[in-house]
Number of protein chains: 2
Amino acid sequence: MPRPATGRKKEAILDAATVEIAAHGYHGTTVAMIARRAGVADGTIYLYFSNKEEILISLFERAMDLFTAQGARELAGLPGPRERLVRIVELHLELVGADRDLAIITQVELRHSLHFLDQLSRDRVGAYLQAMAAVIAEGQACGLWRCDLDATFLAKAVFGVLDEMATDWVLSRRNTRLQARADAVVGFVLGSLRPQA
Amino acid sequence: MPRPATGRKKEAILDAATVEIAAHGYHGTTVAMIARRAGVADGTIYLYFSNKEEILISLFERAMDLFTAQGARELAGLPGPRERLVRIVELHLELVGADRDLAIITQVELRHSLHFLDQLSRDRVGAYLQAMAAVIAEGQACGLWRCDLDATFLAKAVFGVLDEMATDWVLSRRNTRLQARADAVVGFVLGSLRPQA
DNA sequence: CAGCTTTGACTGAATACTCATTCATTAATG
DNA sequence: CATTAATGAATGAGTATTCAGTCAAAGCTG
């Protein structure tokens with residue numbers, strides 16, 4: 001191997017790790033398996049990642065960066081909180097549903113240990129929840145949605161629904177598309193936010 | 001120690017495993033750690049469980065049996081679907097919130113591998129979801145709740161909300177009680193089920 | 001440009017562990 | 001005594017990580 005564009009290997013390692021970890025789980029995947037699939041030597045992994053766990057973290061961060069980038073881009077143009085929330089729901093299901101291997105990792109493998117989940121939750125997912133809560137608060141402020149429940153609470157509830165749909169899809173063997181549930185979820189969520197009678 | 005009441009040790013091992021796994025995670029807990037806390041020898045564990053994973057499974061099944069037993073008992077006396085669903089929400093939060101160590105295991109540690117989660121999901125959690133869907137379908141049948149969404153879907157959505165609240169509580173460091181969120185969750189869930197305007 | 005030097009990305013066998021599981025032995029019991 | 005629960009040291013399989021060495025390319029020099 002001469003001196004090929006550095007950075008290609010890092011991507012190759014992350015791609016290989018996604019496939020292997022989705023198939024065998026984090027603990028069932030050895031560093032050697034990832035190296036083999038990526039077409040690099042075991043040691044090469046350690047030129048790009050300081051340890052096995054960092055591969056998993058990088059995987060998640062790469063995915064989350066794409067997610068938030070696309071989210072920010074798409075939401076910018078939308079006029080009201082209703083349109084934005086609907087788009088958030090659609091995007092969530094669309095992006096998680098786009099790559100089953102990655103979905104297995106985000107919905108199952110990443111929920112490893114308290115310490116791990118705690119850290120992820122606090123950082124990236126926390127920001128996502130806050131963004132959702134802001135949209136909901138806006139809808140509350142203009143009288144569109146119920147105000148008897150806290151926007152942060154409502155955001156968590158909506159996230160819970162989305163997350164459960166995603167996990168259910170990952171675990172279901174049938175060959176459905178996650179996106180197909182978007183209408184039902186939108187119906188549920190908008191229903192739940194209507195002002196109380 | 002030769003022949004003391006058999007069965008006590010099994011419980012002791014499960015209790016010890018709950019504490020250790022909650023503190024260090026499943027993979028961070030060694031069989032020796034569980035044995036030490038339970039006050040038995042390493043080998044004794046294998047008189048009661050065929051391997052380490054079976055300890056985790058037994059743990060979950062013991063908890064789930066208590067859960068469904070109490071659920072069945074409490075729901076029997078309630079007149080309508082509304083009362084039953086409210087009680088399901090309250091019980092879910094009450095029982096998960098009653099033991100933080102156990103909650104760490106059900107909300108975090110058990111979600112380890114696809115294979116594992118898949119199996120649990122299909123069996124015990126599947127039965128729980130079906131019971132909830134039955135209550136919702138009943139409410140739909142008597143015109144109490146919206147009929148434009150499938151009862152099975154609605155049950156999953158409600159479960160998602162409950163599960164997210166539980167996970168959020170487990171990860172939050174503040175010393176709140178999970179039960180304290182019951183009113184908000186009930187408000188959200190009943191709101192989401194109202195018939196569409 | 002032709003030889004020479006330097007570089008550092010890459011390799012993969014060897015290391016240095018950790019732990020689940022076993023089983024020969026011990027001791028309580030009826 | 002015979003039986004059997006219980007023990008815990010020994011085993012050995014499995015694997016993350018290291019590191020001494022390789023070699024293609026880039027830089028240097030006259």
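Not measured: the values here are computed from a predicted model. Labels below follow one simple rule: chain letters A, B, ... track the order of the sequence lines, proteins then strands, and each chain is numbered from 1. Only heavy atoms go into these numbers, but all of them, side chains included; no hydrogens, no water, no symmetry mates.
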Could you tell me whether Lys52(B) sits above the aromatic face of Tyr26(B), with NZ or CZ closer than 6.0 angstrom to the six-membered ring centre and within 45 degrees of the axis?
-> yes
Quick one: is the NZ or CZ of Arg100(A) closer than 6.0 Å to the six-membered ring centre of Trp169(A), and within 45° of its axis?
-> yes
Regarding the side chain of Tyr48(B), the nearest nucleotide among dA16(D), dA5(D), dC10(C) is dA5(D)
Of the nucleotides dA20(C), dT17(D), dT15(D), which one has an atom closest to the side chain of Thr30(A)?
-> dT15(D)
In terms of ring plane angle, is the pair Phe153(A) and Phe188(B) parallel, tilted or perpendicular, where the classes change at 30° and 60°?
-> perpendicular
Parallel under 30°, tilted from 30 to 60°, perpendicular over 60°: which one fits the rings of His27(A) and His27(B)?
-> parallel
Hydrophobic cluster identity match, Trp145(B) and Val86(B), side-chain contacts under 4.5 Å = yes
Using atom [atom1] of [X] as one end and atom [atom2] of [N] as the other, report the distance to the nearest whole Å.
X        : N       : atom1 : atom2 : result
Leu47(A) : dC19(D) : CG    : P     : 13 Å
Lys52(A) : dT15(D) : NZ    : C1'   : 8 Å
Lys10(A) : dA9(C)  : NZ    : C1'   : 15 Å
His27(A) : dT15(D) : NE2   : C1'   : 13 Å
Ile55(A) : dA16(D) : CD1   : C1'   : 10 Å
Ile13(A) : dA9(C)  : CD1   : P     : 13 Å
Asn51(A) : dT15(D) : CG    : P     : 17 Å
Phe49(A) : dT18(D) : CZ    : P     : 15 Å

Do any side-chain nitrogens or oxygens of Lys9(B) fall under 4.0 Å of OP1 or OP2 in dA6(D)?
-> yes
OG1/Thr167(A) to CG/Leu178(A) distance, rounded to the nearest 0.5 angstrom?
-> 10.0 Å
Check the surroundings of atom CZ in Arg82(B): do more than 12 heavy atoms from other residues, nucleotides or ligands lie under 6.0 Å from it?
-> no
So which protein nitrogen or oxygen atoms get under 3.5 Å of nucleotides 12-16 of chain C's nitrogens or oxygens?
residue: dG12(C); atom: N7; partner: Gly43(A); partner atom: N; Å: 3.2

Give Ser50(A) one of three labels, base, sugar-phosphate or nothing, depending on what nucleic acid heavy atoms sit under 4.0 Å from its own.
-> nothing
